[in-house]
Every structure is written in structure tokens, then in C-alpha cells.
Student: 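Dropping the structure in here first, questions after.
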Amino acid sequence: MAIAPTVTPLEDLTPAAGHIATIPPPEVDEDEVVVTEQDARFLRGLYTTRHEVLADEPESKGGTDQGPTPYDLLLMSLGACTSMTLRMYANHKSLAVNDIQVRLRHSRIHAEDCEDCESKNGQIEQLERHISYKGNLTETEQQRFLEI
């Protein structure tokens, strides 16, 4: 289905001082995500058929800090997927696991600082993930659980 683009002049997106522009939520089809501008800087509305979330940048980067950054959202998504997958596996195998926690961190490594990099230009994006949980698993169960 082709959707005709609509254009909203940027001046209509610029909120008055201390006020956030409110753009009506768009219509969203099932299995679709829509991202809209909420101001003429970084504030964005993220929509599914049943949910609305804001994304933004911190004030130090020119945003209004009203929502997670795109990298924060990416890490949240990866963490949620990891945690849900582990919970599904633990339930399926009747494993005694509680309080699954996933911590993620994003960093950039400058290629010039990397000994094994193919290029010495640019940056390498690095994601770190730490999984913790409470439970009483055998060594084999724990190894398989973390492999999942």
C-alpha cells in the first residue's frame, strides 16, 4: 500500500518556550511502527497500533530530554528480547530461575585504537551485555541457559 507523503512546515513543529508540540497520533497499521517529528530538533513520537513512546536527545546534545535516545531504545529492545527469550526457555524447561536482569551498554571504539581492525578510520560500535538471574541451576543447565 503506497502512502502519499505529507509535509508539515517546520515552523508548525517548533514549540513555544517551555511547551512541547503535540502532534496528533498517526494512523498505524498492524505490524507497523510510525515515527513522527514532535519538534524541529530531536523529539520524536514513536507509535504502534496500541502504544506511544517519545524519543529524544539529552539537553547537552540539543534535545529536550523527554525520552530515551535512539541508542537507549535499541539497547532496551535488545535487552527485552534477551530477557523474554530466557524467560520463555526457563518456563519451557521448568527451570528454577527468577529475576532475570539484562544490562546493556553502548560504546564507540575509534578504529585507530584497535589493533585488529581492518580500517584505521572511523569508529566501531560496541554493545556489551551482562545477564544475571537468581536460580538454582546445574552447571549444564546454566551453560545452556546462557547459550540461549
Side-chain angles (χ1 to χ4, degrees), residues 1-3 5-11 13-15 20-23 25-93 95-148:
M1 171 169 122
I3 300 173
T6 57
V7 178
T8 302
L10 287 181
E11 59 269 11
L13 294 175
T14 305
I20 299 307
T22 53
I23 309 301
E27 289 193 29
V28 183
D29 291 336
E30 283 293 327
D31 299 322
E32 178 182 50
V33 171
V34 176
V35 178
T36 65
E37 288 193 303
Q38 296 293 306
D39 69 14
R41 297 184 345 181
F42 296 114
L43 187 62
R44 297 294 176 265
L46 313 174
Y47 302 92
T48 67
T49 54
R50 290 174 295 284
H51 302 282
E52 299 177 14
V53 178
L54 291 176
D56 202 355
E57 289 289 342
E59 290 179 9
S60 63
K61 304 284 187 197
T64 56
D65 201 21
Q66 294 188 63
T69 69
Y71 280 110
D72 291 341
L73 291 166
L74 174 64
L75 294 178
M76 288 177 187
S77 296
L78 292 171
C81 184
T82 299
S83 178
M84 289 175 183
T85 300
L86 289 172
R87 171 50 56 206
M88 183 177 62
Y89 179 78
N91 289 349
H92 179 72
K93 295 292 186 177
L95 298 177
V97 172
N98 296 305
D99 195 25
I100 298 168
Q101 190 174 94
V102 181
R103 291 181 178 265
L104 295 115
R105 183 179 307 268
H106 167 257
S107 59
R108 292 182 175 98
I109 301 171
H110 294 279
E112 60 194 28
D113 298 331
C114 181
E115 293 177 14
D116 298 330
C117 296
E118 293 177 18
S119 169
K120 295 297 180 188
N121 299 322
Q123 303 179 94
I124 298 168
E125 306 292 330
Q126 179 174 305
L127 302 179
E128 296 176 48
R129 180 179 63 181
H130 177 78
I131 300 168
S132 62
Y133 62 91
K134 295 177 183 171
N136 188 14
L137 302 180
T138 66
E139 185 75 28
T140 303
E141 289 173 331
Q142 179 176 331
Q143 183 178 355
R144 182 67 180 138
F145 182 69
L146 294 177
E147 284 175 7
I148 297 298

Student: Before accepting this row, confirm whether a basic side-chain N of the pair Glu141/Arg144 lies closer than 4.0 Å to the acidic partner's carboxylate O.
Tutor: no

Student: Is the closest side-chain heavy-atom distance between Glu57 and Pro70 below 4.5 Å?
Tutor: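 A side-chain contact exists here, since the closest heavy-atom pair is under 4.5 Å.
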
Student: Are there over 12 heavy-atom neighbours, none belonging to Asn91, within less than 6.0 Å of that residue's CG?
Tutor: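 Yes, CG of Asn91 has more than 12 neighbouring heavy atoms, counting only those of other groups under 6.0 Å.
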
Student: Determine which pairs satisfy ring pair (Phe, Tyr, Trp, His ring centres under 6.0 Å) with at least one residue from residues 123-148, sequence neighbours left out, and list them in order.
Tutor: Tyr133-Phe145

Student: If you compare all heavy atoms of Glu27 against all heavy atoms of Glu32, which two are closest, and at what distance to 0.1 Å?
Tutor: O-OE1, 4.5 Å

Student: Taking the side chain as C-beta and beyond, is there a heavy-atom pair between Glu37 and Arg44 under 4.5 Å?
Tutor: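 With C-beta onward as the side chain, the pair touches.
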
Student: Output the distance between atom CG (Leu75) and atom CZ (Arg129), rounded to the nearest 0.5 Å.
Tutor: 11.5 Å

Student: Please check: side-chain N/O of Asp65 versus main-chain N/O of Pro58, any donor-acceptor pairing under 3.5 Å?
Tutor: no

Student: Identify the heavy atoms of Gly45 and Leu54 that sit nearest to each other, and give their distance.
Tutor: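 Of all heavy-atom pairs spanning Gly45 and Leu54, the closest is CA-CD2, 4.3 Å.
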
Student: Looking at Arg50 and Glu30, is there a salt bridge between them, counting it only when a charged N and a carboxylate O are closer than 4.0 Å?
Tutor: yes

Student: For Leu104 and Gly79, which heavy atoms make the closest approach, and how far apart are they?
Tutor: CD1-CA, 3.3 Å

Student: Rounded to the nearest 0.5 Å, what separation is found between the OG atom of Ser77 and the CG atom of Asp72?
Tutor: 10.5 Å

Student: Which pair of heavy atoms, one from Glu52 and one from Pro25, lies closest together, and at what distance?
Tutor: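 That closest heavy-atom pairing would be OE2-CG, 3.7 Å.
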
Student: Output, in order, the C-alpha distance, side-chain angles, deciding distance and verdict of side-chain contact (heavy atoms from CB on, under 4.5 Å) for Thr36 and Gln38.
Tutor: CA-CA 6 Å; Thr36 65; Gln38 296 293 306; 2.9 Å; yes

Student: Hey, what do you get for OG1 (Thr64) to CG (Leu43), rounding to the nearest 0.5 Å?
Tutor: 4.5 Å

Student: With side-chain contact (heavy atoms from CB on, under 4.5 Å) as the criterion, how do Arg87 and Val97 come out once you've worked through the C-alpha distance, each side chain's angles and the decisive distance to 0.1 Å?
Tutor: CA-CA 8 Å; Arg87 171 50 56 206; Val97 172; 4.2 Å; yes

Student: Taking all heavy atoms of Thr82 and all of Ile131, pick out the closest pair and write down the distance.
Tutor: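 Scanning both residues, the minimum pair turns out to be CG2-CD1, 3.9 Å.
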
Student: Is the backbone of Asp56 close enough, under 3.5 Å, to the side chain of Arg41 for a donor and an acceptor to pair up by distance?
Tutor: no

Student: Can you name the residues that form a side-chain hydrogen bond (donor to acceptor under 3.5 Å, both in side chains) with Gln126, not counting sequence neighbours?
Tutor: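 Listed in chain order: Glu128.
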
Student: What heavy-atom pair brings Thr49 and Val28 nearest, and what distance separates the two atoms?
Tutor: CG2-O, 3.0 Å

Student: Scan residues 28-75 for pairs that pass ring pair (Phe, Tyr, Trp, His ring centres under 6.0 Å), counting only residues two or more places apart or in two chains.
Tutor: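 Sorted result for residues 28-75: Tyr71-His106.
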
Student: Determine whether more than 12 heavy atoms belonging to other residues, nucleotides or ligands lie under 6.0 Å from atom CG of Asp99.
Tutor: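 More than 12 within 6.0 Å, yes.
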
